[in-house]
Amino acid sequence: MLHQKLAGPGAAARKYDLITALGAHALSLGKHDQRLILRLITLLTARYNWGRDELSIGQREIARLWSCDERTVKREMAKLRAMGWLVVKRQGARGRVTTYGFDSDTVMSATKAIWPEIGPDFVVRLEGPPTETVVPFPVKGEVAAPDISDATEWGLARAVLFAEDAGRFGAWVQALKRAGRAGGRLTLKAPSRFHAAYVQTHLAGVLLRACQSVDGDVSAIEIID
């Protein structure tokens with residue numbers, strides 16, 4: 001699951017996942033709910049202080065941001081509090097605006113039904129990989145440790161995977177070659193179609209987790225042959 005405070009290493013990728021989940025969830029709903037969630041997304045991206053984990057902004061400023069009147073702001077913010085998506089951290093008083101916190105756990109629970117429609121890599125990234133059922137093929141002789149002089153995210157992740165399970169590494173991971181990177185998507189090339197399909201089905205979550213342990217910006221793994 002996402003987490004309580006979206007700051008620190010890998011925070012950018014987690015925020016991206018959060019906005020993706022919110023957007024996909026909104027598109028599965030009616031127009032009134034879509035507008036409410038779009039307003040929330042705009043508020044988060046424009047004014048939320050992720051480092052302090054708070055939103056401190058007056059209704060008049062929100063009204064300008066949303067292109068609506070303050071009565072609409074009051075109603076929409078009340079809906080978001082009732083849903084548990086926004087929580088009051090400090091009530092406004094004597095000219096000070098109310099400070100809100102964003103409950104990412106509640107939001108991600110509310111959007112969970114749409115995660116499979118975004119993609120299996122998205123589900124694995126937020127829930128973790130399913131219980132592994134892979135039985136490595138036996139490898140003749142000792143499996144050599146990977147060369148860590150390759151400082152790419154895949155080169156470093158290979159070392160992590162070897163340390164976790166040398167047998168699995170020798171059977172399935174060693175032959176995978178880095179084919180390229182586009183944004184957060186890392187592409188790996190397998191020696192055969194069977195190898196690619198097997199790794200994609202059974203080990204994609206394991207590979208993604210290893211890559212993210214050395215580079216938090218990796219958001220997806222693609223296996224090609």
Side-chain angles (χ1 to χ4, degrees), residues 1-21 24 50-51 104-105 108 111-112 115-225:
M1 182 73 62
L2 220 58
H3 122 243
Q4 309 88 349
K5 187 175 180 181
L6 295 172
R14 295 196 298 273
K15 291 173 194 173
Y16 185 86
D17 287 339
L18 171 62
I19 298 303
T20 299
W50 298 101
S104 59
D105 287 341
M108 296 308 276
T111 63
K112 193 171 183 178
W115 294 0
E117 305 306 320
I118 299 173
D121 61 308
F122 189 86
V123 177
V124 168
R125 196 157 61 246
L126 297 186
E127 288 191 327
T131 302
E132 187 180 336
T133 57
V134 178
V135 178
F137 288 160
V139 179
K140 294 182 179 180
E142 290 188 10
V143 179
D147 180 5
I148 60 173
S149 63
D150 177 5
T152 64
E153 74 291 277
W154 178 237
L156 297 174
R158 280 164 53 87
V160 172
L161 291 162
F162 175 81
E164 288 180 349
D165 189 327
R168 182 183 64 194
F169 177 86
W172 298 109
V173 179
Q174 191 172 35
L176 299 175
K177 306 298 182 185
R178 188 182 190 277
R181 171 87 176 262
R185 180 177 292 274
L186 173 66
T187 301
L188 303 175
K189 183 175 177 59
S192 69
R193 181 170 299 179
F194 169 77
H195 196 118
Y198 195 85
V199 170
Q200 186 72 61
T201 301
H202 297 284
L203 291 174
V206 174
L207 301 187
L208 179 61
R209 184 176 58 200
C211 288
Q212 289 180 331
S213 73
V214 298
D215 185 344
D217 291 332
V218 177
S219 58
I221 299 287
E222 180 184 18
I223 312 296
I224 62 174
D225 58 81

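- Distance CH2/W154 to CG/L161: 5.5 Å, rounded to 0.5 Å.
- Ion pairing of D215 with R181 is present here, as a side-chain N (NZ or NE/NH1/NH2) and a carboxylate O approach within less than 4.0 Å.
- Interatomic distance, CG of L188 versus CD of Q200, reported as 9.0 Å (0.5 Å rounding).
- When all heavy atoms are compared, the tightest approach of A21 to T111 is CB-OG1, 3.6 Å.
- Here the side chain of W172 pairs no donor or acceptor atom with the backbone of Y198 at under 3.5 angstrom.
- Within the model, atoms CE of M108 and CH2 of W115 stand 4.5 Å from one another, a figure rounded to the nearest 0.5 Å.
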>> Please determine whether side-chain contact (heavy atoms from CB on, under 4.5 Å) holds for the pair V206 and V173, giving the CA-CA distance in whole Å, both sets of side-chain angles, and the decisive distance to 0.1 Å.
In response: CA-CA 10 Å; V206 174; V173 179; over 6 Å; no

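- Under the 4.5 Å side-chain criterion, counting only non-hydrogen atoms from C-beta, L186 is in contact with R178.
- R185 is linked by a salt bridge (charged side-chain N to carboxylate O under 4.0 Å, His left out) to nothing, counting only residues two or more places apart in sequence or in another chain.
- Across all their heavy atoms, I221 and C211 have their closest contact at CD1-SG, 3.8 Å.
- Of the possible donor and acceptor atoms, one in the side chain of Q212 sits under 3.5 Å from a partner among the backbone N and O of V218.
- Q174 has its side chain out of reach of F162: every pair of non-hydrogen atoms, C-beta onward, lies at least 4.5 Å apart.
- Across every non-hydrogen atom of W50 and L18, the tightest pair is CH2-CD2, 4.1 Å.
- In terms of heavy atoms, A179 sits closest to I224 at CB-CD1, 4.2 Å.
- Put simply, the side chain of F194 does not reach to within 4.5 Å of the side chain of D225, judged on heavy atoms.
- A 4.5 Å side-chain heavy-atom check between H195 and I223 finds every atom pair outside the cut-off.
- Checking side-chain atoms of R158 against main-chain N and O of V160 turns up no donor-acceptor pair under 3.5 Å.
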